[in-house]
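So the structure is just underneath, and the comments pick up after that.
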Number of protein chains: 2
Amino acid sequence: MTKSKTPIWRSIQSSLTREIADGILVSGDKLPTEAELAIRFGVNRHTVRHALGAMAEDGLVHARRGAGVFVTGKPTDYPIGKRVRFHQNIRAAGQMPAKTRLQLATRRPSPREAKALQIEPDDQVHCYEGLSLADAVPIAIFRSIFPAERFPDLLEALDELDAVTAALKKCGLDDYTRISTRLTARLADATQAGHLRISQGAPILRSEGVNADSDGVPVEYGTTWFSGDRVTLTLRDDA
Amino acid sequence: MTKSKTPIWRSIQSSLTREIADGILVSGDKLPTEAELAIRFGVNRHTVRHALGAMAEDGLVHARRGAGVFVTGKPTDYPIGKRVRFHQNIRAAGQMPAKTRLQLATRRPSPREAKALQIEPDDQVHCYEGLSLADAVPIAIFRSIFPAERFPDLLEALDELDAVTAALKKCGLDDYTRISTRLTARLADATQAGHLRISQGAPILRSEGVNADSDGVPVEYGTTWFSGDRVTLTLRDDA
DNA sequence: TGATATTTGTGCGTATGTATC
DNA sequence: AGATACATACGCACAAATATC
């Protein structure tokens with residue numbers, strides 16, 4: 001009697017995990033169909049599903065109904081701490097960062113935005129919205145709100161620079177740090193799903209934070225919607 | 001002519017938000033049905049839905065199809081930092097904490113658990129699984145894994161105490177701190193949905209962390225699944 | 001247990017005012 | 001000024017989940 005101690009599904013999990021770790025299957029690749037895997041491993045499709053489910057739970061792959069199972073665009077550990085610098089974070093993970101601009105405008109703030117920035121509801125704000133990519137895979141949607149009164153030329157600076165830190169520097173703000181971060185999980189709506197190239201109803205990790213200058217005055221209210229399947233936030237106890 | 005600048009749905013949102021802020025509607029209360037609200041405000045049901053949608057986006061209410069729209073059991077700001085103490089956190093939010101035990105057992109670790117705790121795959125671990133409640137509303141499912149070799153009597157201690165910190169203290173560990181935290185968003189499976197009393201596919205915020213003693217040796221590998229609709233994690237820059 | 005009513009979710013179509021090109 | 005796109009709002013119908021009896 002072969003009384004194997006490890007369940008079959010676990011050995012399948014190991015097998016597939018190894019293929020990903022070894023680079024045989026890379027970021028974005030589509031796995032063989034469950035039916036094909038079932039034949040290849042000589043098991044029932046349910047057994048394959050169990051293994052794939054465990055891998056999905058680990059964030060290694062993600063399934064799209066009707067499409068297939070795909071290797072998640074790297075476990076993409078995205079560190080957050082007092083300072084959040086998108087490009088540095090992605091590069092530190094050995095990936096190629098990129099940004100797509102979705103919107104750049106000046107408008108009136110929503111009540112929530114006004115409250116976060118501690119400004120009057122009638123003051124104007126700059127709104128910078130875009131898409132963050134790592135290795136050309138969409139990782140997150142971000143929206144940054146700045147007080148227009150304090151940074152009258154920020155829109156032009158963002159227009160040419162596309163980098164928040166640099167643009168703020170050009171407007172006279174040398175340094176800023178995060179004074180609050182709130183995290184919660186949501187479901188992707190149609191718009192978000194389209195941008196992040198995930199299916200509607202997919203899990204989204206929403207991060208909402210306020211950055212302030214050295215005097216503690218808010219300079220940016222930012223919200224970032226991460227694709228839950230593609231991103232893991234890691235907390236740093238940073239300085 | 002009444003040339004109101006603000007959309008109707010936004011004023012409805014303000015109106016209902018105020019009722020919650022003022023305590024007229026409290027945690028867990030069911031709002032009037034969309035149809036009733038539509039009559040009360042003299043608008044179409046879609047307009048009410050728009051307002052409710054915005055409030056849901058803010059985490060203020062959550063809808064359950066067929067049941068109604070409910071005031072979210074507080075956006076329950078749940079602070080996380082180097083030390084995580086469940087009861088303290090809930091009490092700090094002015095709510096009544098409680099725990100339900102789901103499982104308490106000793107078994108072999110999964111590869112992931114062994115790696116996190118830096119033990120051999122053949123070593124035994126204690127597994128403590130349960131449900132966290134605030135004001136009798138399920139907030140999160142937690143699973144804590146401890147190295148059995150180091151804490152041989154932990155199971156009994158947990159059995160009578162139901163509090164991790166106290167049980168570990170009884171086993172000779174005075175203090176521990178969090179050395180790593182990883183956060184991601186997932187969808188609730190059937191089991192999780194049942195325990196948290198949310199619908200399957202609802203957003204879940206998963207937190208995975210390792211606690212270590214003062215020498216940096218891992219003593220606990222814990223995973224917590226928060227109901228995304230009921231919890232907001234706030235990062236503390238704590239000491 | 002099962003049938004029925006209630007309630008939210010989704011889609012279609014229509015109309016109007018406003019901002020943009 | 002005209003055309004176009006967009007947000008807002010209304011009305012109706014049905015599907016899906018839930019509650020109730």
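Not measured: the values here are computed from a predicted model. Residue numbering restarts at 1 for every chain, and letters A, B, ... go by the order of the sequence lines.
Checking the phosphate oxygens (OP1, OP2) of C/dG9, a side-chain nitrogen or oxygen of B/R49 falls inside 4.0 Å. Note on B/T33: every side-chain N or O is 4.0 Å or more away from OP1 and OP2 of C/dT6.
The interatomic distance linking B/L52 (CG) with C/dT8 (P) rounds to 8 Å, in whole Å. Spacing between atom NZ of B/K30 and atom P of D/dA19 amounts to 11 Å, rounded to whole angstrom units. The distance between atom CG of B/N44 and atom P of C/dT14, rounded to the nearest whole Å, is 16 Å. In this entry the distance linking CZ of B/R64 with P of C/dT7 reads 13 Å, nearest Å. Here D/dA9 presents its P atom at 15 Å from CG of B/L37, a figure rounded to the nearest Å. Rounded to whole angstrom, the span from the CZ atom of B/F41 across to the C1' atom of D/dA9 amounts to 16 Å. Atom CD of B/E36 is separated from atom C1' of C/dT6 by 11 Å (rounded to the nearest Å). Put simply, CZ on A/R107 is 15 Å from P on C/dA19, counting in whole angstrom units.
We find that B/E19 and B/R40 are joined by a salt bridge, their nearest charged nitrogen and carboxylate oxygen being less than 4.0 Å apart.
In this structure, the nucleotide among D/dT18, D/dT8, C/dT8 sitting nearest to the side chain of B/A63 is C/dT8. Considering only side-chain atoms of B/R65, the nucleotide from D/dC10, D/dT8, C/dT8 that sits closest is C/dT8.
Remark: B/K99 qualifies as a cation-pi partner of B/F142 under the 6.0 Å distance and 45° angle criteria applied to the six-membered ring.
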>> Run B/L37 and B/V69 through side chain to side chain contact (heavy atoms under 4.5 Å, CB included) and show every step you take.
In response: CA-CA 11 Å; B/L37 288 173; B/V69 180; over 6 Å; no
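For the pair A/T234 (side chain) and B/R182 (backbone), a donor-acceptor distance under 3.5 Å is absent.
Using a 3.5 Å distance cut-off with no hydrogens or angles, the side chains of A/Q124 and A/T106 do not pair a donor with an acceptor.
For the pair B/R45 and B/H50, nearest-nucleotide mapping onto DNA chain D gives the more 5' position to B/H50.
At a cut-off of 3.5 angstrom, the base of C/dG9 holds no donor-acceptor pair with the side chain of B/H46.
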